[in-house]
**Q** 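Here it is: the structure, laid out below.
Every chain is numbered from 1, with letters handed out A, B, ... down the list of sequences.
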Number of protein chains: 2
Amino acid sequence: MADYRALTLEVMDLVGDKWTLLVVYVLGEGPLRFSDLRRRTAPISQKMLTQTLRQLERHGMVTRTVLPTAPPQVEYALADLGRSFLAAASVVCAWTRDNIDALEAARTRSDAAAGEKG
Amino acid sequence: MADYRALTLEVMDLVGDKWTLLVVYVLGEGPLRFSDLRRRTAPISQKMLTQTLRQLERHGMVTRTVLPTAPPQVEYALADLGRSFLAAASVVCAWTRDNIDALEAARTRSDAAAGEKG
DNA sequence: CCGCATCCACGATGATACTG
DNA sequence: CAGTATCATCGTGGATGCGG
């Protein structure tokens, strides 16, 4: 694993958007229609959800299925690639959950130190 | 792991910046002075490197040591928390490396399909 | 050498209105 | 319900010059 540059930039291209990770996580629980997905990812805007889904679809992480109903419904689901990715991303989320106290403590300490010399 | 919202947003707060992941990776190889670090993370700007390092320092992931030399030198190194995080982040990078072909294929296919209806 | 301050360009994000 | 279009806004990131 030598070429950090290309690799980390690729990672940022995948999940650099603000909501991508959250959307992948929510879809990990099962397929959802657009509206339901939006409720679960609130307060995301309609536009950003669409945009995020398009990106995920483009990368083959998510599938989009238009149901032949009236009014039309569109179902989004994780593709195999997406599920595989979710497993990897879960490691980072688990790490964050396990270290959230240390992170907050560091932040508080750092912010307090910065405030003193104000 | 139910509270995706807070967790994923926290993750984005940690590594949402464009260069954070790369900086952490490079520092994973060993402590570096500012200039060396910048060379290794090119084409990052001075400003963004400083900003990224401040954030990492604030979260307790990186330590900053001013060496008593003339001219002054500043050495940055991963703290324990940072090393621990790097291990988790490596999983995502490894996944990306292993699936880079599938990702690029999906992108190419998707872009081609989009181009046809132009 | 380190890195802060300022100005500036651009993209990402978001609110709103509108279409199928 | 799903999605597009438009406009306003904010943060990110870059260029440059100055100070320790």
**Q** Go through the side-chain N and O atoms of B/S90 and B/Y25 and say whether any donor and acceptor fall under 3.5 Å apart.
**A** yes

**Q** Choose from C/dG3, D/dA2, C/dT13 the nucleotide whose nearest atom is closest to any side-chain atom of A/R64.
**A** D/dA2

**Q** Using whole Å, what does the distance between atom P of nucleotide C/dG3 and atom CG of B/L53 come to?
**A** 8 Å

**Q** Report the nucleotide, chosen from D/dC1, C/dG3, D/dG14, that has the shortest atom-to-atom distance to any side-chain atom of A/R33.
**A** D/dC1

**Q** More 5' along DNA chain C: B/Q73 or A/P43, using each one's nearest nucleotide?
**A** B/Q73

**Q** Within this structure, what is the CD-to-P distance between B/Q55 and D/dG11, rounded to whole angstrom?
**A** 13 Å

**Q** Nearest-Å distance, CG (A/D17) to C1' (D/dG11)?
**A** 14 Å

**Q** How many whole angstroms separate atom CG of B/L32 from atom C1' of C/dC1?
**A** 15 Å

**Q** From the list C/dC1, C/dC7, D/dT6, which nucleotide is the closest neighbour of the side chain of B/K47?
**A** C/dC7

**Q** Using only modelled atom types and a 3.5 angstrom limit, is any donor from either the side chain of B/K18 or the base of D/dG13 paired with an acceptor on the other?
**A** no

**Q** Whether B/R107 and A/D13 form a salt bridge (side-chain N of Lys/Arg under 4.0 Å from carboxylate O of Asp/Glu) is what I want to check.
**A** yes

**Q** Return the nearest nucleotide to the side chain of B/S45; candidates are D/dG14, C/dC4, D/dT4.
**A** D/dG14

**Q** Which part of the nucleic acid, if any, lies within reach of B/R38 when heavy atoms closer than 4.0 Å are counted: base, sugar-phosphate only, or nothing?
**A** nothing

**Q** Select one nucleotide: of D/dC7, D/dG3, C/dC1, the one nearest the side-chain heavy atoms of B/P71.
**A** C/dC1

**Q** Please determine whether a side-chain nitrogen or oxygen atom of A/W19 lies at a distance below 4.0 Å from atom OP1 or OP2 of C/dT13.
**A** no

**Q** Closest to the B/Q46 side chain: C/dC4, D/dG3, D/dC7?
**A** C/dC4

**Q** I need the CE-C1' distance between B/M12 and C/dA12, as an integer number of Å.
**A** 12 Å

**Q** Rounded to whole angstroms, how far apart are CE on A/M48 and C1' on C/dT16?
**A** 16 Å

**Q** Between A/E29 and A/R40, is there a salt bridge with N-O shorter than 4.0 Å?
**A** yes

**Q** Salt-bridged, B/R97 to A/D3, with N to O below 4.0 Å?
**A** no

**Q** Quick one: is D/dG3 close enough that its OP1 or OP2 comes under 4.0 Å of any side-chain N or O from A/Y76?
**A** yes

**Q** With hydrophobic residues grouped by side-chain heavy-atom distances under 4.5 Å, do B/L56 and B/V66 end up in a single group?
**A** yes

**Q** Tell whether B/Q51 reaches the base of D/dG13 with its side chain through a donor-acceptor pair below 3.5 angstrom.
**A** no

**Q** Measure CZ/A/F34 against P/D/dT4 and give the value in whole Å, please.
**A** 9 Å

**Q** Could you tell me the separation between the CG atom of A/L49 and the P atom of D/dC1, rounded to a whole number of Å?
**A** 14 Å

